[in-house]
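The shown structure was predicted, so the numbers you read here are calculated from the model rather than taken from an experiment.
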Amino acid sequence: MLGELLPCGGGDSIPLLRKKLLIGRRSACDILLNYPNVSSQHCELELQNGYWHVRDLNSSNGIKVNGERCDQKFLMPGDELTVAKHHFVISYQPMGDAPAPVEEEDPFAMSLLEKAGLQQRREERRRRPPAPAARPPAPQKKFSAEEDAALQWLTDE
């Protein structure tokens, strides 16, 4: 046995017997979770360099590791895996001499504005006090009676 999934809240443990396991609602899955909120092929568990790795298979309700939604992640012993809304703790002993895997940074976790340091500047500008109001327009020049008459004559039809 390569480990086991222990259902949170009780129930029989699920032995992890092969290095690659398909989890889902379909009867052909290695680990059958026959619940309506579990996709037919929900996720895949794979033993990589002595550590279990979970990968979502574009399921409707996703997976979470320790409460954080993710597409894929290495599972350390004692981590909580949530498939749809079904919680399990993974129990296993890492194999071999391989060091603990380092997760690659998600390239989409931070916006391009944040990476460039522009998001912070934008927020700082929002916090500044507003600029003073514009000066009122200068009073209009008064025309003489002759100029008013000329203007009236030009605009009449």
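For the pair Trp52/Ile90, a side-chain contact is recorded, criterion being any heavy-atom separation below 4.5 Å from C-beta on. With contacts defined as side-chain heavy-atom distances shorter than 4.5 Å, the pair His42/Arg25 does not qualify. Contact of the Leu81 side chain with the Asp79 side chain is not registered, since no non-hydrogen atoms from C-beta on lie closer than 4.5 Å. Using a 4.5 Å heavy-atom threshold, the side chains of Ile14 and Phe88 count as touching. No side-chain heavy atom of Glu46 sits under 4.5 Å from any side-chain heavy atom of Arg55. Side-chain contact check for Lys73 versus His53: every heavy-atom pair is 4.5 Å or farther apart. Using a 4.5 Å cut-off on side-chain heavy atoms (C-beta onward), Pro77 and Ser91 make no contact. Residues Ile31 and Leu22 form no side-chain contact, since every pair of their non-hydrogen atoms from C-beta on lies 4.5 Å or further apart.
Using a 4.5 Å cut-off between side-chain heavy atoms of Ile, Leu, Val, Met, Phe, Trp and Tyr, with links allowed through other members, Leu57 and Val54 fall into different hydrophobic clusters. Side-chain heavy atoms closer than 4.5 Å link hydrophobic residues (I, L, V, M, F, W, Y) into clusters, and following such links, possibly through other members, connects Tyr35 to Ile23. Both Val65 and Leu47 are part of a single hydrophobic cluster, where members link through side-chain heavy atoms under 4.5 Å apart. A continuous path of hydrophobic side-chain contacts links Leu2 to Leu45 [ILVMFWY only; heavy atoms under 4.5 Å].
With 3.5 Å as the limit, one finds a donor-acceptor pair spanning the side chains of Asn37 and His86.
When atom types are taken as modelled, the side chain of Tyr92 and the backbone of Leu75 share a donor-acceptor pair closer than 3.5 angstrom. A donor-acceptor pair under 3.5 Å links the side-chain atoms of Ser39 to the main chain of Ser60, judged by distance alone.
The distance from the CG atom of Leu151 to the CD atom of Glu146 is 13.5 Å, given to the nearest 0.5 Å. Note that the CD atom of Glu44 and the CG atom of Asp56 stand 11.0 Å from one another [nearest 0.5 Å]. Between the CG atom of Leu17 and the CD atom of Glu4 there is a distance of 10.0 Å, given to the nearest 0.5 Å.
Across every non-hydrogen atom of Cys29 and Ser40, the tightest pair is SG-O, 3.2 Å. When all heavy atoms of Thr82 and Ala84 are compared, the pair lying nearest together is CG2-O, 3.3 Å. Among all heavy-atom pairs drawn from Cys8 and Glu80, the shortest one is SG-OE1, 4.1 Å. Taking all atoms of both residues into account, the shortest heavy-atom contact from Cys43 to Ile63 is CB-CG2, 4.0 Å.
Around CG of Asn66, the count of heavy atoms belonging to other residues, nucleotides or ligands within 6.0 Å exceeds 12.
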Next item on the list: Kindly determine whether Leu5 and Val89 satisfy side-chain contact (heavy atoms from CB on, under 4.5 Å), including the steps that lead there.
Entry: CA-CA 6 Å; Leu5 290 176; Val89 172; over 6 Å; no

Margin query: Does Met1 form a side-chain contact (heavy atoms from CB on, under 4.5 Å) with Leu16? I'd like the steps, not just the answer.
Written below: CA-CA 6 Å; Met1 185 165 68; Leu16 306 176; 5.6 Å; no

